[in-house]
Structures are given as C-alpha cells and as structure tokens.
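Reading through the structure tokens given below for one structure.
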Amino acid sequence: MAGASSGPAVLAIDQGTTSSRAIVFDRAGGIVATAQQPLPQHFPRDGWVEQDPEDIWRTVLETARQAIAGAEARGFALAAVGIVNQRETTVLWERGTGRPVHNAIVWQDRRGADRCRELVESGAAPAIRRATGLVPDSYFSATKLEWLLNHVDGASAAAENGALAFGTVDSFLLWRLTGGAAHATDATNASRTMLFDIEAQAWDEALCGEFGVPAPVLPEVRDSAGAFGVTDPALFGAAIPVTGIAGDQQAALVGQGCLTPGMAKSTYGTGCFILVNAGRERPEPGEGILATVAWRLGGETVYAVEGAIFNAGTAVQWLRDGLGVIGESAASEALAAGLPGNEGVYLVPAFTGLGAPWWDAGARGGLFGLTRDTGAAHLARAALEACGYQTADLLDAMGGAEGARLREFEAGRLRADGGMAANDWLMQFVADIAGAPVERPAVTETTALGAALLAGVGAGLYGSLDEAVAAAWRPDRIFAPSMPADRRKALLAGWRAAVDRVRSGA
Ligand code: ADP
C-alpha cells in the first residue's frame with residue numbers, strides 16, 4: 001500500500017554485460033527498490049560475443065517495472081530515469097520498425113581485430129589517438145558497426161538513406177523508452193565509439209569515412225545530464241523524464257564521488273576498469289592508457305584517463321559456469337582465503353586477448369604452475385589474484401601517464417566497486433599487491449548510483465554534481481596494505497612471467 005509520500009526517487013537502469021538491473025535511489029543515495037535479471041550472451045565463434053537486443057530490452061523493461069512497483073509501494077514518486085550501460089556494445093536497428101537488424105556485437109567481441117591490426121600497420125594509430133584518445137582496437141564500436149554495415153544485407157545503403165539507426169546500448173534503450181522519439185547518446189558513450197572527437201565534441205568525419213559510417217545513422221551527442229526525452233506512458237503508466245546517461249565506468253567515477261582531478265576508482269565486474277579524473281583539459285596519457293570523457297555537463301567536458309582490462313570477473317565466472325569447480329562466485333572468497341599462498345599457480349585470464357597496458361588481441365589465457373596438489377582452491381585464488389595483478393599493472397602504467405594528475409592515488413587511495421568488490425579477500429589482495437589502501441563505499445552499486453546522480457542533476461533534484469555526491473556517497477571500509485615488500489615483488493614477478501608466456505608476440 002502506498003503510504004504518505006516518501007519523497008522523490010530516481011530509477012537507474014543499469015544495463016550490464018551479464019545482467020540488467022533496475023535500482024531506485026532516494027535523494028540521499030539510499031536504495032529503495034531493486035530488481036535484476038541475467039542477460040544471455042552468445043559466442044558464435046572464437047572471440048565473437050553477441051547479445052540479442054530484444055533480450056536486453058526485455059530484461060530492462062521487466063526489471064524497471066518491478067523496481068518502480070517496489071518504490072511506489074513504499075510511497076516514493078519517480079522523478080527521473082537515468083541510464084547506465086555496458087559501453088561500446090553496438091546495436092543497429094530500423095528506424096521504421098524499431099527492429100534490430102542483427103544481434104548486438106558486445107564490447108568483448110574481437111572480430112575487428114584484423115582490421116585494427118591493419119590500421120596500426122598503415123600508420124593510422126596516431127590520428128585515431130589524437131581525435132578519440134583511444135588505441136585502435138576492436139573493443140570500441142567503430143569496427144563492430146563497420147562489420148554490421150558490411151555484413152547485413154542492404155545495411156550500408158539503408159544507413160545512407162537514413163533508414164537505420166546506430167547506437168550503443170544507451171541509445172537503443174533511450175529509443176525504445178521514448179517510443180522512438182529520441183535518437184541520442186551522451187558524450188561518455190560517444191567517446192567509446194572510436195568515431196568521436198573528444199576535444200571538438202563532434203563525430204569525426206575522417207574516421208566515419210574510414211569505417212564507412214554515414215552521418216544519418218549516428219545519434220545526436222548530448223550532455224550526460226539533461227532532458228533526453230520522456231518514457232512512453234504505455235511502458236510505466238506515466239511519462240517519466242530520462243535525464244541522465246553515462247557509460248558504466250564513467251557513471252562509476254561519478255558514483256564514487258571522484259569529482260576532482262586525481263581521484264581514482266577501480267571497478268571489478270566482468271572486466272576491470274580504472275578511471276582517474278583528469279580535469280577539464282584533454283589529457284595525453286602514456287602508451288596503452290586511454291584518454292576519455294568523464295562526463296559533460298552544461299556543455300563543459302571533464303576528461304578521465306582509463307586503463308581497461310577485459311577479463312576480471314570472467315575468470316570467476318569461468319570457474320563457476322565453465323569448469324563447475326565453484327557453485328557460486330562468492331565461494332571463491334573462502335577457497336582463496338583457505339590457502340596460505342598461491343603455491344606458484346597463476347591464471348592469466350586473457351580469454352579474449354589482453355587489454356591495457358598490453359593491448360594484445362592475439363593473446364589467449366594460460367594456467368601455470370600446476371602440480372598434482374592443485375585443486376579448486378588454487379584456481380579460485382589464482383582467478384582472484386589475477387584481478388590484483390592487473391590492477392597493479394594498470395596503476396604502474398598510469399603512474400607514468402603524462403597529463404594525468406593522480407593526486408588521490410598518489411595520496412594513496414583507490415576507490416573500489418563492482419560485483420567483485422563484495423569479496424573482502426580480493427579487496428585486501430588488491431591493497432597488498434597495489435601497495436595502496438583500497439576504499440570501498442557503502443553503496444557498491446556505484447554505476448547505478450552515478451546514473452541516478454546524473455539523472456538527479458538533470459532533473460533539478462540536486463543543484464550540482466558536488467551537491468549530489470555530498471548527499472549520496474559514504475565510505476564503508478578501508479583495506480590497508482599489509483604484505484611485506486619482498487613477497488609482493490615475488491608474486492608480481494611470477495605474474496609477469498606468466499603474462500609473458502601468453503602474449504602473442506612472445
Ligand atoms: P557486470 O556489471 O560487468 O556484468 P558485475 O559488477 O555484476 O558485472 O560483476 C559480476 C562479476 O563479478 C561476475 O563475473 C561474477 O563472477 C563476479 N563476482 C560477483 N560476486 C563475486 C564475489 N563475491 N567474489 C568473486 N567474484 C564475484
């Protein structure tokens with residue numbers, strides 16, 4: 001029964017790689033209602049990863065309805081909707097019918113790897129970096145969209161004629177939520193397409209030409225907070241304004257309150273992503289580290305530097321779903337903690353290649369140091385340890401990043417979140433191996449919180465992002481590093497030897 005009004009609330013639609021979630025937050029960042037559904041993935045070939053856009057939509061719609069009903073039952077009034085999404089994943093649909101012309105090509109998909117290798121060999125990398133801040137890689141949307149335009153019958157001509165719409169998942173969801181009224185994205189999602197000039201804040205004509213992307217297929221790029229449109233009343237029984245959109249890692253940066261230059265967050269989900277707020281000037285980070293848009297508000301762009309690792313939680317998922325050695329992901333914690341050390345067992349989870357700082361699409365995973373005593377606990381520990389080692393690798397690479405002001409990290413703190421942040425053993429290991437305290441917030445759903453805060457700013461519930469973060473971000477626990485330096489060095493040496501063995505050029 002709806003009681004007296006409990007105040008305004010914001011629905012965050014959190015469309016992730018492995019699940020769709022809907023979370024309703026109150027103004028203080030408290031979780032009012034939540035719903036979640038798993039999202040199927042398809043692996044048609046080695047290195048190919050697809051999802052059915054109808055599955056994406058169905059899971060979003062059902063979880064959103066469930067969370068809204070939960071919030072309304074508690075007396076909350078929905079003031080706004082924010083969207084946060086898996087980035088780079090590419091959808092192409094018909095404007096007339098709203099029907100996707102193919103499965104979505106997921107960010108992890110490597111089918112564009114050869115194309116990217118050719119680009120690098122032809123000397124295109126510096127120009128791509130200058131415009132987009134990115135390293136030519138099939139991770140980004142450009143080669144995924146190029147593939148769709150070239151492989152779906154008639155797609156290229158239809159795109160040219162304006163009959164098709166391209167979007168990352170946010171655009172696709174916005175289109176469906178608004179009943180086809182809005183074809184737009186925000187600057188953070190645009191910055192991950194490898195088609196967008198992050199300084200000019202405009203689609204790059206030369207790159208669109210290179211990948212055969214005609215202008216009529218592209219969404220309009222807007223601020224991360226503002227009026228994107230209103231939901232079709234047929235969906236939720238009312239027209240609710242959509243007022244915030246951001247890619248998942250950028251939303252987490254907001255949801256972790258990293259609003260000043262140098263503040264850093266690390267998210268442990270399917271992949272692992274470290275973003276550092278780089279301020280209002282476009283950064284020029286070192287090799288293997290990306291320059292990207294942190295958010296855009298009032299037409300003003302804030303930048304971030306980013307280190308991306310493709311496989312973190314996937315290693316745990318593989319133990320659970322592929323090998324069946326653990327019943328649930330959380331069981332990895334007790335198994336890992338039960339061993340006194342890793343006993344020389346290393347897992348390099350390069351299932352779809354290696355991300356930063358190696359950017360090696362040809363690498364594949366490896367498991368090293370096996371003996372007859374190796375058991376499930378060793379595998380679980382190695383899977384978790386891999387997240388810690390990859391964090392240390394990224395921080396090392398970012399430490400040298402010219403233009404990135406890593407003040408908070410230098411001051412010794414990394415704010416951690418994501419599904420794996422619930423794992424205390426992992427958090428302690430990250431602190432130990434990175435040699436820096438790891439701070440975990442009270443609300444680890446920081447991607448969803450970030451979207452809610454952006455949407456709250458867009459809807460006028462908060463006067464500014466600073467006000468939003470002050471109202472909603474609270475720490476839970478700090479994990480202080482306690483590993484002796486020689487042990488840390490030895491573990492890192494073991495890890496780096498294992499990485500050398502899986503690199504495709506090695
Ligand atoms: P995404 O948003 O990228 O889909 P999440 O942030 O929900 O992912 O994280 C899910 C990942 O975290 C999965 O790969 C899962 O195996 C892993 N995971 C979840 N809980 C734990 C845990 N307690 N310990 C280790 N791994 C975990």
Side-chain angles (χ1 to χ4, degrees), residues 12-23 34-41 49 51 55-56 59-60 63 83-89 104 106-108 139 169-170 246-252 255-256 265-275 308-338 347 349 351-352 355 365 376-377 379-388 390-391 416-430 438 440-441 443-451 479:
I13 290 173
D14 180 359
Q15 205 303 297
T17 312
T18 57
S19 69
S20 296
R21 268 184 290 236
I23 304 182
T34 141
Q36 174 166 357
Q37 282 189 23
L39 185 67
Q41 278 179 295
V49 188
Q51 284 174 333
D55 284 338
I56 294 177
T59 53
V60 163
T63 52
I83 301 173
V84 52
N85 55 289
Q86 51 169 322
R87 304 175 303 174
E88 297 102 10
T89 297
V106 177
W107 57 277
Q108 292 159 315
Y139 165 38
V169 169
D170 57 306
D248 51 11
Q249 304 313 319
Q250 282 88 343
Q256 285 278 32
K265 73 89 201 173
S266 184
T267 298
Y268 299 94
T270 302
C272 164
F273 298 86
I274 300 183
L275 265 73
I309 297 162
F310 303 132
N311 292 288
T314 39
V316 174
Q317 253 175 305
W318 176 61
L319 296 186
R320 188 192 62 195
D321 306 337
L323 300 186
V325 298
I326 53 172
E328 50 177 306
S329 300
S332 60
E333 179 166 354
L335 281 173
L347 169 63
F351 302 122
T352 51
L379 299 187
R381 186 166 177 131
L384 296 180
E385 283 193 357
C387 299
Q390 296 188 95
T391 304
D417 55 54
M420 299 183 87
N423 188 313
D424 287 352
W425 189 89
L426 174 64
M427 293 295 94
Q428 184 58 49
F429 187 76
V430 170
V438 171
R440 185 172 63 192
V443 175
T444 53
E445 300 285 2
T446 54
T447 51
L449 179 61
F479 297 83

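Both counts, for ligands and for their atoms, begin at 1 and track the order of listing.
Taking only non-hydrogen atoms, the option from S329, G271, A315 nearest to atom 21 (C) of ligand 1 is S329. Counting heavy atoms only, N423 comes closest to atom 24 (N) of ligand 1 of the residues N423, T17, T314, D14.
Rounding to the nearest 0.5 angstrom, the gap separating the CZ atom in F429 from the OG1 atom in T391 is 9.5 Å.
Applying the 4.0 Å criterion to heavy atoms of Q317 picks out, from ligand 1, the atoms 14 (O), 16 (O). Interface of V316 with ligand 1, defined as ligand atoms under 4.0 Å from a residue heavy atom, comprises 16 (O), 26 (N).
Contacts of R21 with ligand 1, taken as heavy-atom pairs under 4.0 Å, involve the side chain alone. Contacts between S332 and ligand 1, counted as non-hydrogen atom pairs separated by less than 4.0 Å, involve the side chain only.
Given atom 1 (P) of ligand 1, the protein heavy atom at minimum distance is T270 OG1, 3.4 Å. Summary of contacts: the protein heavy atom closest to atom 4 (O) of ligand 1 is T18 OG1, 2.6 Å.
Between G419 and ligand 1, an N or O atom pair is found at a separation short of 3.5 Å. Residue S19 places no N or O, backbone or side chain, under 3.5 Å from any N or O of ligand 1. Taking any N or O of G313, backbone or side chain, at least one lies under 3.5 Å from an N or O belonging to ligand 1.
Using a non-hydrogen distance threshold of 4.0 Å, M420 registers as a contact of ligand 1.
Contact of the Q41 side chain with the T270 side chain is not registered, since no non-hydrogen atoms from C-beta on lie closer than 4.5 Å.
Put simply, the side chain of Q256 never gets that close to the backbone of T267: no donor and acceptor are under 3.5 Å apart.
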